[in-house]
Amino acid sequence: MCTYALEVERVRKTFTRKERVPRPAGKRTLFKHTKKEEVIALKDIDLYVPKGEAFGVLGPNGSGKSTLIRLASTLLLPDSGSLRIFGHDVEHDATAVKRLINRVSVDAAFFKKFSPIENLMYAARLYGMAPVEAKKKMRAIMTRLGLKESTFTQPMEHMSRGMQQKVAVARGFLTSPILLLLDEPTTGLDPHSKRDVQAFIREIRETENATVLLTTHDMEEADRLCDRIAIIDDGRIVALDDPEGLKARVPPKNGEKTTMEDVFIALTGRTFADAEAAKEVGA
Amino acid sequence: MKSTAMIREIRGAYAFVERNINLIKRYWGWELVWLIYSLTNALAITYIGNGMGAITGQIIDTQAVVKYLLVGALIWQYLSVIFYAISEMIAWERWEGTIEYTFMAPVSRPTHLVGTTLFAIGYGVIRTLTILVIVSAFFRLDLSDANILGAVLMLLAGSVSFVGLGIWAAVLPLLYPERGAQMTNAVAAILLLISGVYYPIETLPQWLHPIARCSPATYVIQGMRSCLLDGVETRTLLPTIGLLLGIGLAVITIGLVIFGRVETYAKRAGRLKRSG
Ligand SMILES: Nc1ncnc2c1ncn2[C@@H]1O[C@H](COP(=O)(O)OP(=O)(O)OP(=O)(O)O)[C@@H](O)[C@H]1O
Ligand SMILES: [Mg+2]
């Protein structure tokens with residue numbers, strides 16, 4: 001049996017997109033000028049996440065975190081290199097991989113006119129779960145995450161973004177994945193709800209021995225939840241260590257203890273204001 | 001072991017049936033609009049038959065023209081519902097943004113398709129029967145000479161190809177996130193033009209004839225007319241039914257291959273993503 005939940009070997013991912021170029025001065029043209037632009041989202045990344053670990057990925061906006069998560073969840077295919085999940089190749093053994101994983105992303109996408117129960121039932125059936133058991137489990141998880149029973153059967157479109165995000169978290173955990181891919185699962189949640197979700201992630205790790213791959217912009221969250229953290233910048237891993245090890249790399253300022261935020265800023269070469277500004281634009 | 005895998009697939013297929021029924025319930029307003037649209041369309045076309053005499057100033061067997069058009073309108077109604085219901089299997093996920101979650105789930109594309117097809121056929125039959133009932137309040141459609149069994153077989157055989165064409169069209173929203181779904185309208189319109197739904201294909205310019213003969217709808221419509229209007233025996237229909245099943249299987253197989261290729265392409269190019 002394979003000892004790694006996730007193995008990423010020399011993975012490169014490039015996107016091509018059309019970019020608008022300004023039209024030549026003084027000329028009127030019928031069509032917008034576009035040219036093809038290549039974006040290298042991941043530059044030959046290597047990563048090994050052992051079974052049962054909570055592994056964090058931190059990095060500025062556009063550094064390639066979501067791309068990594070999408071590659072691991074079979075939604076993207078690498079240009080070169082390979083990814084294996086519990087020994088199954090993501091590209092060639094996708095169905096086996098899909099049974100072992102689930103993903104929660106910032107973008108809590110649902111059928112908006114359906115209720116949480118209807119949306120989660122759809123997911124449960126797609127994963128081949130028995131309906132009665134699934135229903136029990138989804139109610140339990142949603143209650144555990146602090147959603148009110150009365151919202152379970154109301155259309156999702158009437159829920160606040162944070163509430164929808166909780167349903168998204170519930171959808172991710174419903175199918176008991178042994179590798180959880182969490183792409184900013186707590187973005188948009190109030191501090192209480194954040195704690196709820198974080199406690200739940202810890203609980204699941206203990207009870208089901210699940211492996212977690214987590215990306216977040218909440219430095220404290222990463223510090224608290226993750227056994228090891230990789231910091232990526234511009235598609236490259238610039239540091240990989242446990243939280244204490246990372247903090248030890250950055251000398252304390254003004255006698256205060258180094259925080260994960262200091263580490264982030266020191267290692268990604270950006271000031272806090274830059275990172276915030278990028279977030280505003282990139283959101 | 002084998003049977004648990006089977007149960008899993010059945011649950012997966014049912015997910016799509018239930019999802020589509022829920023969509024109808026939640027968007028019943030649209031459903032009503034759609035129904036009115038198809039109904040008035042069918043009526044408008046059939047009234048052309050009634051007006052034939054007045055238009056040409058000649059004595060024409062209006063009844064025959066009306067029957068001819070009505071059968072065309074109803075069959076087209078059924079086939080296009082199948083076509084749209086299948087082609088929307090991806091479009092809905094695009095509109096709602098759930099596409100990544102569905103593609104990440106461990107359901108095979110054939111299971112996805114079986115679920116969608118079961119729904120599409122059930123929905124197509126109900127829709128068409130509803131329109132048939134309403135239309136018969138306007139026109140007398142005398143089916144006493146019709147070969148109903150033959151018609152049902154013919155329609156089922158024809159459904160197979162339209163499921164296949166639906167898969168071809170379902171690929172469009174995978175490739176073109178924004179406008180893909182609208183393109184299916186163009187596909188449907190071309191099929192309507194070339195398949196002899198409201199006129200014999202011989203009416204079309206010569207160069208379109210070979211294309212018309214490639215459209216499975218051409219055979220379904222011809223077959224249905226001979227069953228319903230001429231009461232042709234089932235035995236004589238068998239070659240056409242066989243041909244339709246053959247075309248259908250080929251279209252579905254090619255459709256699944258194209259779909260698989262395009263799905264892989266979409267995953268390479270990053271076309272599944274919406275945001276985040
Ligand atoms: N499907 C796609 N098509 C085109 N370009 C993409 C696609 N997905 C990501 N990219 C590009 O790849 C780069 C990495 O994006 P990614 O979403 O992985 O960043 P991220 O680290 O998750 O950022 P954020 O913190 O804002 O979520 C960006 O330049 C982005 O524009
Ligand atoms: Mg991201």
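Throughout, protein chains are lettered first and strands after them, A, B, ... in sequence-line order, and every chain is numbered starting at 1.
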Answer yes or no for A/R103 and B/Y101: cation-pi contact, defined as NZ/CZ to six-membered ring centre under 6.0 Å and angle to ring axis within 45°. yes

Turns out that what part of B/L23 lies under 4.5 Å from chain A's heavy atoms comes down to both

Contacting region of A/T16 [heavy-atom separation from chain B under 4.5 Å]: neither

Do A/K137 and A/S176 meet the criterion of a side-chain donor-acceptor pair at a distance under 3.5 Å? yes

For the residue pair B/S38 / B/N41, report whether a side-chain donor-acceptor contact shorter than 3.5 Å exists. no

What part of A/K13 gets within 4.5 angstrom of chain B, counting heavy atoms only: side chain, backbone, both, or neither? side chain

What class does the angle between the rings of A/Y122 and A/F111 fall in, given that below 30° is parallel, 30 to 60° is tilted and above 60° is perpendicular? perpendicular

With a 4.5 angstrom heavy-atom cut-off, could you sort out which part of B/T102 is near chain A: side chain, backbone, both or neither? both

Only one of B/I126, B/V81, B/L74, B/L43 forms a side-chain contact (heavy atoms from CB on, under 4.5 Å) with B/I131, so which one is it? B/L74

For each of A/P131, A/A41, A/A96, A/A130, tally heavy-atom pairs with chain B at distances under 4.5 Å, and name the one with the top tally. A/A130

Cut-off 4.5 Å, heavy atoms of chain B, and the answer for A/R17 is neither

Any side-chain donor paired with an acceptor under 3.5 Å for B/E93 and B/T98? yes

Under 4.5 Å from any heavy atom of chain B, what part of A/F114 do you find: side chain, backbone, both or neither? both

With a 4.5 angstrom heavy-atom cut-off, which part of A/P78 approaches chain B: side chain, backbone, both or neither? backbone

Between B/T111 and chain A, with a heavy-atom cut-off of 4.5 Å, which part of the residue counts as in contact: side chain, backbone, both or neither? neither

